[in-house]
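Notes follow the structure.
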Amino acid sequence: MPELPEVESIKLQLEKKLIGKRIEKVWLNPGSLVFRDCPERNNFSKKLKGRKIDRILRRGKYLLLKLNNKMLVIHLGMSGNILFKEPAFKRDKHTHLELYFKNFKLIFRDPRRFGRVGLVKSDDFSALCGLAQLGVEPLTKKFNGAWLGGKLALRKAPIKSLLLDQKIACGIGNIYSDEACYLARICPLRPGGKISAEEIKALVKAIKKVLREAIKKVGCTIQDYKTSEGLAGDYKPRVYGRADERCYRCGGKIKRAKLGNRSSFYCPNCQT
DNA sequence: CGAATCCCCTGACAGC
DNA sequence: TGCTGTCAGGGGATTC
Ligand SMILES: [Zn+2]
């Protein structure tokens with residue numbers, strides 16, 4: 001499932017391929033995955049056609065394609081992916097958007113349909129509620145121990161749930177929240193407000209470390225993400241998905257806990 | 001406001 | 001073989 005490192009890897013790939021190119025034709029699936037609150041949902045395709053790709057940005061797990069005067073917003077959900085194919089390539093039923101360029105086309109595919117696309121005015125980060133509410137980027141200086149401490153204070157929810165809350169810090173998903181808690185030796189189920197300043201500092205460090213490491217390795221290739229073409233992530237999880245296996249650090253048995261609808265993996269022996 | 005719960009959607013996989 | 005049930009999960013909605 002694409003989290004910050006996977007989306008960042010895709011962003012870098014898109015930059016190489018798309019900057020300066022003009023959209024010649026657009027195909028949008030009629031049962032499309034356009035954001036419900038997309039202000040430009042009418043004539044979506046027409047408004048995209050003819051525009052040039054100026055810049056590509058990432059905010060949290062959102063991909064932002066800056067066009068002259070507009071911005072195309074893509075969220076990959078959990079099974080979404082971007083592919084490049086020759087223009088004549090036959091689309092399948094999971095394709096939701098195609099942007100045709102001179103010698104190729106960009107395909108947005110998402111079998112599980114949790115992804116979304118949207119169009120807003122250029123630099124309008126407030127039109128889409130999900131994008132507008134995003135918190136701090138975890139790889140910036142603003143994301144530090146003191147700042148996170150302020151956000152976690154008095155909170156009773158498990159730290160893992162708070163790390164997944166995109167309104168606090170954005171881009172952290174199920175895999176990297178577990179990975180970061182593991183590195184920081186913090187049990188993901190612990191209430192956020194009960195974590196000491198020192199531990200929070202370690203957690204911030206761990207989050208930055210796993211995200212940077214994963215970006216360097218082009219993300220993590222598991223489950224739905226593995227079918228992506230052109231991107232084979234090489235990040236190997238330390239705990240995520242390793243239920244009942246042995247902890248690399250202490251040899252303990254890794255546990256899988258349910259946290260709302262999510263599963264969380266941790267070592268009860270060395271994460272407290 | 002915060003916390004917990006449910007739901008969307010469909011491929012993969014287990015069990016019969 | 002082929003059917004059925006279960007699971008995964010980002011994020012929004014709902015409820016208390
Ligand atoms: Zn351990």
Side-chain angles (χ1 to χ4, degrees), chain A residues 1-8 10 29-38 41 58-64 73-83 91-97 108-118 125-135 138 148 150-181 188-195 211 214 219-229 233 237 239-244 256-265:
Chain A
M1 46 243 64
E3 302 181 25
L4 189 154
E6 290 76 22
V7 179
E8 180 68 17
I10 293 169
N29 190 324
S32 77
L33 304 177
V34 178
F35 286 103
R36 279 174 51 159
D37 54 351
C38 177
R41 55 182 307 135
R58 178 195 57 74
R59 260 299 266 146
K61 301 172 193 169
Y62 287 77
L63 271 174
L64 308 170
V73 181
I74 302 177
H75 193 293
L76 298 171
M78 73 171 278
S79 60
N81 199 9
I82 304 273
L83 312 171
R91 72 180 73 100
D92 71 358
K93 62 173 177 171
H94 300 304
T95 300
H96 299 103
L97 177 68
F108 169 50
R109 247 188 116 242
D110 182 14
R112 293 196 186 169
R113 305 172 58 89
F114 281 6
R116 289 289 180 270
V117 295
F125 291 81
S126 64
L128 296 169
C129 133
L131 180 60
Q133 294 188 324
L134 288 182
L148 186 60
K151 291 289 175 187
L152 300 184
L154 305 176
R155 298 291 301 259
K156 290 173 181 156
I159 179 63
K160 161 138 175 156
S161 302
L162 299 172
L163 292 181
L164 291 176
D165 184 346
Q166 305 296 300
K167 297 194 277 300
I168 300 177
C170 58
I172 303 169
N174 212 29
I175 297 176
Y176 298 108
S177 54
D178 276 359
E179 295 291 283
C181 287
L189 308 177
R190 254 174 75 195
K194 294 256 165 93
I195 298 176
L211 294 178
C220 176
T221 305
I222 56 161
Q223 296 177 18
D224 297 282
Y225 188 65
K226 75 180 167 217
T227 51
S228 92
E229 298 164 48
V239 270
Y240 183 83
R242 300 190 60 241
D244 299 328
R256 170 193 206 136
K258 275 280 174 194
L259 226 164
N261 292 343
R262 311 278 180 271
S263 46
S264 182
F265 301 87

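Side-chain atoms of A:His94 lie closest to B:dG11 of the nucleotides B:dG11, C:dG11, B:dC9. Residue A:Lys61 places its side chain closer to C:dG11 than to any other of C:dG11, B:dC9, B:dG11. Here the side chain of A:Arg36 is nearest to one of C:dA8, C:dA13, C:dG10, namely C:dA13.
Applying the salt bridge (Lys or Arg N to Asp or Glu O under 4.0 Å) test to A:Arg59 and every residue at least two apart in sequence or in another chain returns A:Glu137. Judged as a side-chain hydrogen bond (donor to acceptor under 3.5 Å, both in side chains), and not counting sequence neighbours, the contacts of A:Ser126 are A:Asp124. Under the side-chain hydrogen bond (donor to acceptor under 3.5 Å, both in side chains) criterion, A:Lys160 pairs with A:Asn174, A:Ser177, A:Asp178, not counting sequence neighbours. Looking at residues two or more places apart in sequence or on another chain, you find a side-chain hydrogen bond (donor to acceptor under 3.5 Å, both in side chains) between A:Glu179 and A:Tyr235. With sequence neighbours excluded, the residues forming a side-chain hydrogen bond (donor to acceptor under 3.5 Å, both in side chains) with A:Tyr176 are A:Glu6, listed by chain and number.
Between A:Lys258 and C:dA8 there is a side-chain N or O to OP1 or OP2 distance below 4.0 Å. Between C:dG11 and A:Gln166, a contact under 4.0 Å exists linking OP1 or OP2 to a side-chain N or O.
Between A:Arg116 atom CZ and C:dA13 atom C1' the separation is 13 Å, expressed in whole Å. Taking atom NZ of A:Lys167 as the reference point, atom P of C:dG11 lies 10 Å away to the nearest angstrom. Here the C1' atom of nucleotide B:dC9 and the CZ atom of A:Arg113 are 8 Å apart, to the nearest Å. The CG atom of A:Leu152 sits 16 Å away from the C1' atom of B:dC1 (whole-angstrom rounding). In this structure, A:Leu259 places its CG atom 15 Å from C1' of C:dG10, rounding to the nearest Å. Rounded to whole angstrom, the span from the CG atom of A:Leu4 across to the P atom of C:dG11 amounts to 11 Å. Atom NZ in A:Lys93 sits roughly 14 Å away from atom P in B:dC9 (whole-Å rounding). Atoms CZ (A:Phe35) and P (C:dG11) sit 9 Å apart, rounded to a whole Å.
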For nucleotides 3-6 of chain B, print each protein N/O atom paired with a nucleotide N/O atom at under 3.5 Å, atom names and distance only.
unit_1 : atom_1 : unit_2   : atom_2 : d
B:dA3  : OP1    : A:Lys156 : N      : 2.5
B:dA3  : OP2    : A:Arg155 : NE     : 2.4
B:dA3  : OP2    : A:Arg155 : NH2    : 2.6
B:dC6  : N4     : A:Asn261 : ND2    : 3.4

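Evaluation of A:Phe114 against the base of C:dG11 yields no stacking contact (centre distance < 5.5 Å, interplanar angle < 30° required).
Under a 3.5 Å cut-off, the side chain of A:Arg190 and the backbone N or O of A:Ile159 do not form any donor-acceptor pair.
Relative orientation of the A:Phe108 and A:His96 rings is tilted, given thresholds of 30° and 60° on the angle between their planes.
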